[in-house]
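Owing to the predicted nature of the structure, the values given are computational and were not obtained by experimental measurement.
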Amino acid sequence: MQTALRNGKNITLDTLGRNQFQLIYEAGIRNELTCAHCKEPVHLAIGIHRAPYFYHRNAPHERSECMKPSPKKQPVSVLASSASYEEQGGFRIPKGRAIGKNEVKNEPQWKNSTFFTPIPAFSASKAEVKETNSPYFHTLKEHQITLDTNQWSSVTHSEGPLLILAGAGSGKTRVLTARTAYMIQEHKIDPRSIMLVTFTSKAAKEMKDRLASYPGISPSIIRQMLVGTFHSIFLRMVVHHSPESWQMNRLLKWDWQKEQILKEAGREINLDEKDFPFDQAIQQISYWKNTLLGVKDVRPVSQWEEQVHHLYVHYEQTKQTQGLFDFDDMLDGCYQMLRDNPELLVRYQKRFRYFLIDEFQDINKVQYAIMKMLSADSKNLCVVGDDDQSIYAFRGSDPSFILNFEKDFPGTKKVTLHQNYRSAHSIVSAANKVIERNTERHTKNMKAQFHHDHVPTFFFPYDEEEEATMIVRDIKEKVQAGASPSDFSILYRTHASSRAVFERLSQSNLPFTIEQDADSFYERRIVRTMLAFLRLSLDPNDNQSLTSIVQALFLKKTILNDLKAMSILNDVSFVEALGHLKDLKPFQQKKLQKIIPLFSSLKKMKPVNAIETISKDMGFDDFVKKRGNEGNAMEKGSDDVRDLRVVARKFSTVQELLDHADHMIGMNKEMKVLSKQFNESVHLTTIHRAKGLEYKHVYVLGNVDGGIPHDYALEAYRNGEIGALEEERRLLYVAMTRAKESLYLSVLQTRRGKTAYPSRFLKPFLKAY
């Protein structure tokens, strides 16, 4: 059904402006749409697999009597097309402001979904399994543990350096555990001489559980081995030799503890505690330490790095004075201990003769240095990893370690596991075509073991709001057809990108979980401050909002008490008290006199126009440029403002937008509690957090330049650096290879209110382009 009525006016989809589809969808949610024929309520369906259409709310299947076409009329515009003004206090205040030259369009621009192309035909050849006379091989086979030829080759190479290139879904955990069991059972290697290292406690537990399922491997044998994370193993080593220096009550376990120390140092150079991104500073200090850059080795190249270096010096001095340590010190402390005590190093080299490292592509410089020292005598270092999945450069990992492994360890045997047992042929083929365009990599051509009718699909939402609507509808349709909510994952580049899909899922009846550390979009500093302006327009005595905007007006926090006093003395609101402040610079007084009348006008505007007024006429843009963390490569305040504008388009009044923001803040907190109770739920997560996981159906958000690849990588590329861009392509590869049966790639037409362009990683495979 292509027509419906809203407020008695005809809406025809094929003449509706492309930017209005989501607003009509929202109108349907509010029961504002009716059938043009039977006058019953209808909704607008916006999905992935077919063009939008109206359907009866209580009868999803189309009614033949209502399918008759209606006479075409001029489309109903849902947005204001021009600005109008009113006089207030001698100022011309915009009631409505045009959002942009191309914001309202009447030409139909719907793009049907299309497939990733080209995909080669599937060759139904199973992974080769080479028969062997090894008794243990047949013992494993009897226990339903099968290994293909390359996997078995990795398992049986026990002496000398071994590089196992384990592509996505190639069964690396099976290879590592089978190799460990084989060494113990076939070669009678003492389990006490084996060190098996992982990156997470979960992976370490999985290794132990998997080992326990192998024939001949008893719990006592597993206890004799040293199995754990880098941090846990290296901590045990330093504690053994210096227990008084590594007592756990001295561990700086949480970021807020580190922030307290950094803020003390920040006061020495007048860093604003609310504005300065101390979380980013903690990450930068960790990066320096993990790349063996002590305080004396750092050479700052920007003002930001100079500030963080000052914090770094103070941080290290404070820890030393108070006898504290953090997780990075566990690595650095072990490195220094072994480097400075040759005799102790030899003892460890004699104690451990066989080393196995999981997820080797994620290793950082200090971890690599320690493992090189420990294995220098025996040379029995086996590493398993995939350079195509190296995505943690911000933590100090570097794909060069896996790329140069054969040079660092002469005589290395290299085995490539190129069978993908996780994903369907079309997904594996598409991922291969994406990643093969990287230049710094080991050549691999992954092959799938099964075929599925689904081909990776591109779909083209108008913006982030519609993107979320299309995905949630598609999930609902699949769940109604018998799928479980836990079959689905929605992946995104940054936490901020999850805002719209979180909100749409909150409106649905679908159970879902989101990362525990993901704060609500509306609690982000810039967004919270912008909303404070709107809250003061409705309640000029809102104390909390007044506190939020003081810095945005470039006033000192100490002025709050003066404002409250002026409010009482002059019997005026907090907002009006801004005009009574004394001892301000002339330009500050002039600015306040200009913006005070604007507060009361904001509540009369459409929210998107009010945001524009705050940005342009009330000086918020200046605040964002100076205090909006614009120097941060990943999270910019101006991006948050653009995201808020996208949200604001949906609402008619300021109160509606604020109610929505408060509801979503509450939902975010509630979901962090409820998600623990869901056994079956849709999973929302960043691509980084999804590494190592798998789902039947995967949706990847924001596949446009600026999204994936991220803006910071594009900027680095423009400056002649390709490393960041290649890591972004690896990130997309990781996202694609999480999918087992179906993969959907969203290509936005607009992003943050601006025209978007398909990701350069995917554009060659888009039929539409």
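- Looking at every heavy atom in both residues, L644 comes nearest to I611 through CG-CD1, 3.7 Å.
- A salt bridge is defined here as a Lys NZ or Arg NE, NH1 or NH2 lying under 4.0 Å from an Asp or Glu carboxylate O, and K650 with E26 meets this definition.
- Side chain to side chain, S486 and E680 meet the donor-acceptor criterion of an N or O pair below 3.5 Å.
- Judged purely by atom type and a 3.5 angstrom limit, Y733 has no side-chain atom pairing as donor or acceptor with the backbone of V434.
- More than 12 heavy atoms of other residues, nucleotides or ligands shown are found within 6.0 angstrom of CG on N719.
- Here F199 and F230 bring their ring centres to under 6.0 angstrom of each other.
- Residues that satisfy the side-chain contact (heavy atoms from CB on, under 4.5 Å) test with A724, not counting sequence neighbours, are Y712, A713, A716.
- Between Y699 and D474, the side chains place a donor N or O and an acceptor N or O closer than 3.5 Å (distance only, hydrogens not considered).
- Listed by chain and residue number, R535 satisfy the salt bridge (Lys or Arg N to Asp or Glu O under 4.0 Å) test with D662 (two or more places apart in sequence, or in another chain).
- A donor-acceptor distance shorter than 3.5 angstrom exists from the side chain of R528 to the backbone of E523, with no hydrogens or angles considered.
- In this structure a side-chain-to-backbone donor-acceptor pair under 3.5 Å is present from R422 to T737.
- A salt bridge links R18 with E466: at least one charged nitrogen is closer than 4.0 Å to a carboxylate oxygen.
- Checked against the 6.0 Å centroid criterion, the rings of Y53 and H43 do not qualify as a close aromatic pair.
- Without hydrogens or angle criteria, S232 side chain to G228 main chain gives no donor-acceptor distance under 3.5 Å.
- A salt bridge links R499 to E503: at least one charged side-chain nitrogen sits closer than 4.0 Å to a carboxylate oxygen.
- Between F651 and H660, the ring-plane angle classifies as tilted under the 30° and 60° cut-offs.
- With values rounded to the nearest 0.5 angstrom, H710 atom NE2 is found 12.5 Å from D705 atom CG.
- At a threshold of 4.5 Å between non-hydrogen side-chain atoms, the residues N112 and F458 do not count as touching.
- Put simply, the residue from D639, D463, D640 that forms a salt bridge (charged side-chain N to carboxylate O under 4.0 Å, His left out) with R752 is D639.
- At a threshold of 4.0 Å, the pair E694-R738 does not count as salt-bridged, since none of the basic side-chain nitrogens sits closer than that to a carboxylate oxygen.
- For K691 and E359, the salt-bridge test passes: some basic side-chain N is under 4.0 Å from an acidic carboxylate O.
- The OG atom of S170 sits 9.5 Å away from atom CD of Q419, with the distance rounded to the nearest 0.5 Å.
- For NZ of K365, the number of neighbouring non-hydrogen atoms (other residues, nucleotides, ligands) closer than 6.0 Å is 12 at most.
- R730 and D388 are not joined by a salt bridge, as no carboxylate oxygen comes within less than 4.0 angstrom of a charged side-chain nitrogen.
- The pair R649-E465 does not count as a salt bridge, with every side-chain nitrogen at least 4.0 angstrom from each carboxylate oxygen.
- Within the 6.0 Å centre-distance limit, the rings of F502 and F512 are counted as a close aromatic pair.
- Salt-bridge annotation for K444 and D387: present, with a side-chain N of the basic residue lying under 4.0 Å from a carboxylate O of the acidic one.
- Of the possible donor and acceptor atoms, none in the side chain of Q480 sits under 3.5 Å from a partner among the backbone N and O of E477.
- Salt bridge R524/D643: absent, no basic N to carboxylate O contact under 4.0 Å.
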For residues 393-400, tabulate all N or O donor-acceptor pairs below 3.5 Å that involve a side-chain atom, not counting sequence neighbours.
| from | atom 1 | to | atom 2 | distance (Å) |
| --- | --- | --- | --- | --- |
| S397 | OG | Y392 | N | 3.4 |
| S397 | OG | Y392 | O | 2.8 |
| S397 | OG | A393 | N | 3.4 |
| D398 | OD1 | S400 | N | 2.9 |
| D398 | OD1 | S400 | OG | 3.0 |
| D398 | OD2 | S400 | OG | 3.3 |

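- Remark: the backbone N or O of H454 is paired with a side-chain donor or acceptor of S426 at under 3.5 angstrom.
- Ring geometry for F765 against F116 counts as parallel: the plane angle stays under 30°, on a 0 to 90° scale with 60° as the upper cut.
- Look at R441 and E726 and you find no salt bridge, because none of the NZ, NE, NH1 or NH2 atoms lies under 4.0 Å from a carboxylate O.
- Considering V501, V472, V698 in turn, V501 is the only one that fulfils the side-chain contact (heavy atoms from CB on, under 4.5 Å) rule with I490.
- Checked against a 6.0 Å centroid threshold, the rings of Y695 and H683 count as neighbours.
- In this structure a side-chain-to-backbone donor-acceptor pair under 3.5 Å is present from T291 to Y287.
- The pair K478-D487 fails the salt-bridge criterion, with no side-chain N (NZ, NE, NH1 or NH2) lying under 4.0 Å from an Asp/Glu carboxylate O.
- Note: H49 and Y744 have perpendicular aromatic rings, judged against thresholds of 30 and 60 degrees for the angle between ring planes.
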